[in-house]
Amino acid sequence: MRPRRAPLIAAHWEFNNMKLQETLIRLKRFQVEEKRRRVAQIESMVAEFSKIARELEQEVAIEEQRAGIFDTAHFAYPTYARAARTRRDNLNRSAAELMTQLEDARGRLEEALDDLSKAQGFDARDPAAEGAGELALASQAKSGLRLRAAQI
C-alpha cells in the first residue's frame, strides 16, 4: 500500500508547491508594479514642481521689469514678486526633498525587481519557457530605471 501512496503524496506536495510558487511570483509582480507607480508618481511631481518654479521665475522677472525695482530689500519691491519668489523657493525645496524620496523609491524598485527575479528563478516549472522571458523583462526594467536615474 505504501508504494502507491508515496507517489500520490509527492504529486500533491508538488502541486501545492507550484501553487505557492505562482502566488509568490504574482505577489512579487504586484510589488514591482506598485514600486514602479510610486517612482513614476514622484518623477511626475518633481517635473511639475520644476515647471511651476520656472514659470514663477519668469513672472518674478516680468514683475521686477514692470516695477523697475530688482532689490528685494527695497521698500517698494512688488508684493506679488516677493510672494512668487517665496512660492518658487518652497517649490524648489519640495522638489529637492522629492528627489531624495525618488532615489529611495528607485532603490526599493530595484530590490523588488531582484526579489521578482529570484522568485522566478526558484520557479518549479521550465525556466526556459515562461520564466526566461519574464526575467529578461525584469532585467530590462532595471536597466531602464538606471537610464532614467542618469537623465534626472
Side-chain angles (χ1 to χ4, degrees), residues 13-152:
W13 181 83
E14 199 171 303
F15 176 74
N16 283 339
N17 191 31
M18 283 179 33
K19 287 188 76 104
L20 290 173
Q21 187 65 28
E22 290 170 3
T23 303
L24 177 66
I25 290 173
R26 203 174 17 227
L27 172 68
K28 296 299 179 183
R29 283 185 190 141
F30 176 78
Q31 290 172 344
V32 165
E33 289 305 313
E34 180 183 346
K35 306 290 187 229
R36 279 190 185 133
R37 280 191 296 272
R38 180 70 179 146
V39 166
Q41 179 185 28
I42 294 172
E43 286 175 342
S44 173
M45 290 171 64
V46 168
E48 185 68 21
F49 286 4
S50 298
K51 177 185 167 211
I52 293 170
R54 282 190 308 273
E55 290 171 356
L56 285 170
E57 183 64 37
Q58 291 173 351
E59 290 179 23
V60 166
I62 291 169
E63 188 67 20
E64 288 175 343
Q65 278 290 341
R66 189 187 64 74
I69 301 171
F70 300 94
D71 181 16
T72 57
H74 192 277
F75 72 93
Y77 188 77
T79 305
Y80 176 73
R82 183 171 286 130
R85 276 182 179 272
T86 303
R87 183 165 183 231
R88 182 208 55 208
D89 293 343
N90 287 339
L91 283 170
N92 286 334
R93 195 171 17 263
S94 295
E97 290 172 9
L98 282 173
M99 288 301 288
T100 60
Q101 289 181 21
L102 180 60
E103 291 305 314
D104 183 50
R106 284 183 176 148
R108 291 176 190 229
L109 175 58
E110 280 200 38
E111 289 173 8
L113 286 168
D114 288 342
D115 289 347
L116 175 60
S117 296
K118 287 176 188 174
Q120 289 172 337
F122 290 129
D123 197 356
R125 292 171 285 172
D126 182 14
E130 186 178 332
E134 293 167 355
L135 285 172
L137 286 176
S139 175
Q140 288 174 352
K142 281 177 69 175
S143 63
L145 179 67
R146 288 189 190 109
L147 178 64
R148 259 190 294 178
Q151 290 173 347
I152 293 181

I need the minimum non-hydrogen distance between Leu109 and Lys35, along with the two atoms involved. CD1-CB, 3.6 Å
Nearest heavy atoms of Ala112 and Val32, plus distance in Å: O-CG2, 3.5 Å
Residue list, salt bridge (Lys or Arg N to Asp or Glu O under 4.0 Å) with Arg66, at least two apart or on another chain: Glu63
Please report the interatomic distance CD(Gln101) to OG(Ser94), rounded to the nearest 0.5 Å. 9.5 Å
Could you pull out all residues at least two apart from Gln41 that satisfy side-chain hydrogen bond (donor to acceptor under 3.5 Å, both in side chains)? Arg38
Applying salt bridge (charged side-chain N to carboxylate O under 4.0 Å, His left out) as the test, list every pair that has at least one member in residues 73-86; sequence neighbours left out. Glu64-Arg85
For a quick test of reading the model, state the closest non-hydrogen atom pair linking Tyr77 to Val60 and the distance between them. OH-CG1, 3.9 Å
Test salt bridge (Lys or Arg N to Asp or Glu O under 4.0 Å) applied to Glu33 - qualifying residues, sequence neighbours left out: Arg36
Worked verdict on Glu103 versus Arg106 for salt bridge (charged side-chain N to carboxylate O under 4.0 Å, His left out): CA-CA 5 Å; Glu103 291 305 314; Arg106 284 183 176 148; 3.3 Å; yes
Would you say the side chain of Thr23 lies within less than 4.5 Å of the side chain of Leu27, judging by non-hydrogen atoms? no
Residues forming a salt bridge (Lys or Arg N to Asp or Glu O under 4.0 Å) with Arg108, sequence neighbours excluded: Asp104
Which residues satisfy the side chain to side chain contact (heavy atoms under 4.5 Å, CB included) test with Glu59, sequence neighbours excluded? Leu56, Tyr80
Minimal non-hydrogen separation, Lys28 against Ala119, with atom names: CG-CB, 4.1 Å
Under a 4.5 Å cut-off applied to non-hydrogen side-chain atoms, are Arg26 and Gln31 in contact? no
Contacts satisfying salt bridge (charged side-chain N to carboxylate O under 4.0 Å, His left out) that involve residues 88-99 (not counting sequence neighbours) are Glu57-Arg88
Sequence neighbours excluded, the answer for side-chain hydrogen bond (donor to acceptor under 3.5 Å, both in side chains) partners of Glu111 is none
Inter-residue atom distance Leu24.CG - Leu20.CG, 0.5 Å rounding: 8.5 Å
Under the side chain to side chain contact (heavy atoms under 4.5 Å, CB included) test, which residues partner Ala76, sequence neighbours left out? Ile69, His74
Glu43 and Leu102: which non-hydrogen atoms are nearest, and at how many Å? CG-CD1, 3.7 Å
Counting only pairs under 3.5 Å, give me each side-chain donor-acceptor contact of residues 44-55, with atom names and distances, residues two or more places apart or in other chains.
unit_1	atom_1	unit_2	atom_2	d
Ser50	OG	Val46	O	2.9

